[in-house]
Undergrad: 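Take a look at this one; I'll ask things after.
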Amino acid sequence: MSKQKNISKIRNIRIMAHIDAGRTTVTERILYYTGKSYKIGEVHDGEAVMDWMQDEQDRGITITSAVTTCEWKSSVIQIIDTPGHVDFTVEVERALRVLDGAIGVFCAVGGVEPQSETVWRQADRYSVPRMAFINKMDRTGANFFTAVDSMVEKLGANPVVIQLPMGEEDRFKGVIDLIDLQQIIWDDQSLGEEFTTGDIDPEFEDLAQEYREKLLEAISEHDDDIMEKYLGEEEISRGDLVAAIRRATIDRKIVPVLCGSALKNKGIQPLLDAIESFLPSPKDVPCVTGIHPETGEPLEFLPEKNGQLAALIFKVSMIEGRKLSFARIYSGKLEAGAEVFNPALNRKEKLSRILEMHANKRERVAQASAGDIIGIVGLKDSGTGDTLCSQDYPVFLEKMEYEDPVISIAIEPKTHGDQEKLDGVLEKFTMEDPTLKVSRDEETGQTILSGMGELHLEIIISRMLKEFKTNVNVGNPQVVYREVVTAPAKGEAVFERDITGKSHYAKVAISLLPLERGAGVTFTSMVTEEQIPEQYIAVIETGIRESLEGGFLKGYPLVDVGIVLEDGGVEEGRSSELGFSVCASMACKNALNSAALALLEPIMAVDVFVPDNYMGDAISDLNARGGKVESINPKAGIQIVKAVVPLSKMFGYSTALRSATQGRGTFAMQFSRFGKV
């Protein structure tokens, strides 16, 4: 970024995968071969460049999105390495908002696994063009074609093989390139830096010709020029074929499939070539759209350096106590020391520094422009999801939305010194992570921390101790319930009181109606201007919504309820916003007093992977936890049990499953819905 980039040569990508499919190892190899790292970091040694946080190195997993920039041939590749664990879904969602393309890494043994499905569906939702890399071809049990078939079966994808493996398991030695019809074999002594290309070995010739035909057939279905030449048995040039694969990939009609073994340093250079050849630049994807903050009119921003400024903050990190904002610039440019406008705050903020990111290392640059993903220091109040633009041309890019937390723990500081640090530390965490919520239990005085899963909260507590040297006592995890009304209920109230010498009067009558699951809280006013003037309606709605937040049955928020304002009254000279706010709250409490209420609990979708001979024990355990088994699918010596189970019954499940299966069982769990207790 210190030198001007050609926007059409930028590739903003992410590498996505199920936990342990080798995503971070693939990224480490990319950094090594593009010259960003001088040695190869291994996850199992705790030395992976992208996993720079202590907890990541200790656990061998990726927790936060790391951003890095590297160059390959004529392209600039900006990679966001995102977590594979579902507790950190928010990190994945943030990354998807600002990327143009992605690589799905799949294990040649396991194929498409549950979290691969989750991240693939997220990428579908954001219409991200993708390629696939079948990794771990050297592992016992590796089967390239089974892994490709699982992409069709589980993802509904259209994989098109552009590389074949030369052998599998311990016989894997290289790949066959179906575009150039040649083989590539790596030198084991040179850490994969050196490789030879040549004619295909006779033993692989027939297979290569068969899959070259399949490649041409698949591309001709989506490209008229290739179809014409293919049917006419004309020569199809390399340039025409690559261009056609690129178009079909960007249009999301196909997913090109490559293979290799990142750990054995095989297959990464052709993967880099494919990123350059097939994944989109910022100019190849639809231009970003937003709305004018005041008029609501839609606005479009082309990826041009000299266009109007439009940048989105997709992540905020507290690194060494300093706030670092990560942003994607869609249009225009940013300069260090300049002022930018934040329409959400309706004020200007100053950029003190712009940084090109390389995991946790940073390089200062004077400016950045359309297509760049950068770090910014100096934004005091701007947060995740905020837009940076010019005051003369304000815009809101789409706001990010996050699911509510499903699990809570109570924490209290161990010492007086920890007490003083705790609030500041929690403020930093919530600024970084919008899915983390902090509240206070008024009865016990404890601080309540709510998040997306046990691992999510475990990592937060661990980071408190390791990064911020703050010790806390932790209570048992508690499920976050919801409350609902199960039948219509009416309530009314009259508020008549003198406050600080002024008389206040208000009358409000409402109904609360049960709605379908997931409908949220709605508000409808049926009153006339004579009954209640328009200026008080919003105050009434706010008063009722705030009352519902505190719940009634057990103090949990009420959801899926329709509020209907049916009647009311005013008295000239005495009615006020304060009066209607208090009166609305009283009417809501009166309605809840007479309402039929029920508790909802979080129900989790659980995928359990168990060897065949332990399946009976695993199903018995799920049944004992109140789970409902929905399907059992056999797969290469293991059974995949899909079930739905109340979250309250899943605490400690990891330990129970390991002991029941001699450490061989694994599971993945994510929020499915709220159901009645």
Side-chain angles (χ1 to χ4, degrees), residues 6-11 13 72-75 100-104 127-134 144-145 147-149 151-152 155-166 174-185 195-260 267 269-286:
N6 179 342
I7 295 178
S8 63
K9 294 294 184 184
I10 294 175
R11 301 289 180 269
I13 65 165
W72 179 252
K73 297 184 177 171
S74 63
S75 294
D100 302 322
I103 301 164
S127 305
V128 178
R130 275 149 281 175
M131 300 189 322
F133 182 73
I134 309 295
F144 175 76
F145 299 105
V148 173
D149 289 344
M151 290 176 63
V152 179
L155 304 176
N158 181 19
V160 172
V161 173
I162 62 171
Q163 269 184 9
L164 291 171
M166 298 180 72
V175 301
I176 293 164
D177 176 352
L178 296 176
I179 294 172
D180 290 322
L181 272 179
Q182 60 179 18
Q183 67 183 29
I184 307 169
I185 296 178
F195 52 89
T196 53
T197 58
D199 294 338
I200 298 167
D201 287 354
E203 64 175 305
F204 296 110
E205 260 180 15
D206 291 346
L207 190 67
Q209 286 299 339
E210 179 193 340
Y211 273 85
R212 165 79 175 190
E213 283 299 305
K214 287 184 178 181
L215 168 63
L216 295 176
E217 272 176 41
I219 300 305
S220 64
E221 283 178 27
H222 304 292
D223 195 286
D224 292 344
D225 292 345
I226 300 291
M227 162 92 68
E228 213 172 289
K229 289 179 178 173
Y230 179 64
L231 293 177
E233 297 186 0
E234 293 175 45
E235 174 99 13
I236 296 169
S237 74
R238 183 185 195 282
D240 287 347
L241 182 55
V242 168
I245 295 172
R246 178 179 179 79
R247 285 192 294 272
T249 304
I250 291 170
D251 292 343
R252 296 187 304 117
K253 291 174 178 168
I254 66 164
V255 178
V257 182
L258 298 88
C259 60
Q269 293 94 334
L271 176 63
L272 282 161
D273 288 339
I275 291 169
E276 184 176 59
S277 299
F278 307 131
L279 288 181
S281 77
K283 291 201 161 192
D284 298 315
V285 293

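Heavy-atom basis, side chains included; hydrogens, waters and symmetry copies ignored. Since we're looking at a predicted model, the values are computed, not measured.
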Undergrad: Could you tell me which non-hydrogen atom of Val255 sits nearest to which non-hydrogen atom of Met151, and how far apart they are?
TA: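 Minimum heavy-atom separation between Val255 and Met151: CG1-CE, 3.9 Å.
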Undergrad: Counting C-beta onward and ignoring hydrogens, is there a side-chain heavy-atom pair between Lys214 and Leu178 closer than 4.5 Å?
TA: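 They are not in contact (no side-chain heavy atoms under 4.5 Å apart), so the answer is no.
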Undergrad: Gln209 vs Leu181, test: side chain to side chain contact (heavy atoms under 4.5 Å, CB included). Steps then yes/no.
TA: CA-CA 8 Å; Gln209 286 299 339; Leu181 272 179; 3.9 Å; yes
Undergrad: Flag the pair Ile134 / Phe145 as yes when at least one side-chain heavy-atom distance between them is below 4.5 Å, and no otherwise.
TA: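 No, every pair of side-chain atoms sits at 4.5 Å or beyond.
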Undergrad: Between Glu221 and Tyr230, is there a side-chain donor-acceptor contact under 3.5 Å, judged purely by atom types and distance?
TA: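 There is no such pair (donor and acceptor under 3.5 Å, judged by atom type) between the side chains of Tyr230 and Glu221.
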Undergrad: Walk me through it: do Leu216 and Ile236 pass the test side chain to side chain contact (heavy atoms under 4.5 Å, CB included)?
TA: CA-CA 9 Å; Leu216 295 176; Ile236 296 169; 4.0 Å; yes
Undergrad: Supply the atom-to-atom distance Ile226 CD1 to Glu217 CD, rounded to the nearest 0.5 angstrom.
TA: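 Rounded to the nearest 0.5 Å, the CD1-CD separation comes out at 13.5 Å.
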Undergrad: Contact between Ile254 and Ile219 at the side-chain level, heavy atoms closer than 4.5 Å - yes or no?
TA: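 Sidechains of Ile219 and Ile254: in contact.
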Undergrad: In the structure I gave you, are the side-chain heavy atoms of Leu207 and Leu164 within less than 4.5 Å of one another anywhere?
TA: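 Side chain of Leu207 against side chain of Leu164, heavy atoms only: contact under 4.5 Å found.
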Undergrad: Identify each donor-acceptor pair in which a side-chain atom of residues 242-250 lies under 3.5 Å from a protein atom, sequence neighbours left out, and give them as a table.
TA:
residue: Arg246; atom: NH1; partner: Ser277; partner atom: O; Å: 3.0
residue: Arg246; atom: NH1; partner: Leu279; partner atom: O; Å: 3.0
residue: Arg246; atom: NH2; partner: Asp284; partner atom: OD2; Å: 2.6
residue: Arg247; atom: NE; partner: Asp223; partner atom: OD2; Å: 3.3
residue: Arg247; atom: NH2; partner: Asp223; partner atom: OD2; Å: 2.7
residue: Thr249; atom: OG1; partner: Ile245; partner atom: O; Å: 2.7

Undergrad: Listed by chain and number, what are the side chain to side chain donor-acceptor pair (under 3.5 Å) partners of Ser220, not counting sequence neighbours?
TA: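 Ser220 satisfies side chain to side chain donor-acceptor pair (under 3.5 Å) with no residue once adjacent residues are dropped.
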Undergrad: Could you walk me through whether Leu271 and Met131 pass side chain to side chain contact (heavy atoms under 4.5 Å, CB included), step by step?
TA: CA-CA 9 Å; Leu271 176 63; Met131 300 189 322; 3.8 Å; yes
Undergrad: If a pair satisfies salt bridge (Lys or Arg N to Asp or Glu O under 4.0 Å) and one of its residues is in residues 198-208, list it, with sequence neighbours excluded.
TA: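 Matches after skipping sequence neighbours: Lys173-Asp201.
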Undergrad: Are side-chain heavy atoms of Val161 and Phe144 found at a separation under 4.5 Å?
TA: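 In contact.
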Undergrad: Taking all atoms of both residues into account, what is the closest heavy-atom pair of Pro270 and Ile184, and its distance?
TA: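 It is CG-CD1, 3.9 Å.
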Undergrad: May I ask you to check whether over 12 heavy atoms, not counting those of Glu234, lie within 6.0 Å of atom CD?
TA: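 Atom CD in Glu234 is crowded, with more than 12 foreign heavy atoms closer than 6.0 Å.
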Undergrad: If you compare all heavy atoms of Lys229 against all heavy atoms of Glu235, which two are closest, and at what distance to 0.1 Å?
TA: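 Smallest heavy-atom distance, with atoms named: CD-O, 3.9 Å.
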Undergrad: What distance do Ser281 atom OG and Asp100 atom CG have between them, rounded to the nearest 0.5 Å?
TA: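 The CG atom of Asp100 is 7.5 Å from OG of Ser281, to the nearest 0.5 Å.
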Undergrad: Are the side chains of Pro159 and Val152 in contact, using a 4.5 Å heavy-atom criterion?
TA: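 SC-SC contact between Val152 and Pro159 confirmed.
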Undergrad: To the nearest 0.5 Å, how far apart are OG1 in Thr197 and CG in Asp177?
TA: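 Between atom OG1 of Thr197 and atom CG of Asp177 there are 9.5 Å.
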Undergrad: Where is the tightest heavy-atom contact between Asp180 and Arg238, given as atom of each residue plus distance?
TA: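 For Asp180 and Arg238, the tightest heavy-atom pair comes out as OD1-NE, 2.6 Å.
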Undergrad: For a 4.5 angstrom cut-off between non-hydrogen side-chain atoms, does Lys73 reach Leu272?
TA: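 Contact flag for Lys73/Leu272 side chains = no.
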Undergrad: How close do Asn6 and Ser8 get, counting heavy atoms only, and between which atoms?
TA: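 Nearest heavy atoms, Asn6 then Ser8: OD1-OG, 2.8 Å.
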Undergrad: Under the criterion side chain to side chain contact (heavy atoms under 4.5 Å, CB included), I'd like the reasoning laid out for His222 against Met227: C-alpha separation, chi angles, the key distance, then a yes or no.
TA: CA-CA 8 Å; His222 304 292; Met227 162 92 68; over 6 Å; no
Undergrad: Glu276 and Ser75: which non-hydrogen atoms are nearest, and at how many Å?
TA: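 Minimum heavy-atom separation between Glu276 and Ser75: OE2-OG, 2.8 Å.
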Undergrad: Step through the shown structure and confirm whether more than 12 heavy atoms of other residues, nucleotides or ligands are within 6.0 Å of CD on Glu210.
TA: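 Count over threshold, so yes.
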Undergrad: How many angstroms lie between atom CZ of Phe278 and atom CD1 of Ile179, to the nearest 0.5 angstrom?
TA: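 Atom-to-atom, Phe278:CZ and Ile179:CD1 are 3.5 Å apart.
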Undergrad: Less than 4.5 Å apart, side chain to side chain, heavy atoms only: is that true for Ile275 and Ile103?
TA: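 Answer yes - side chains close enough.
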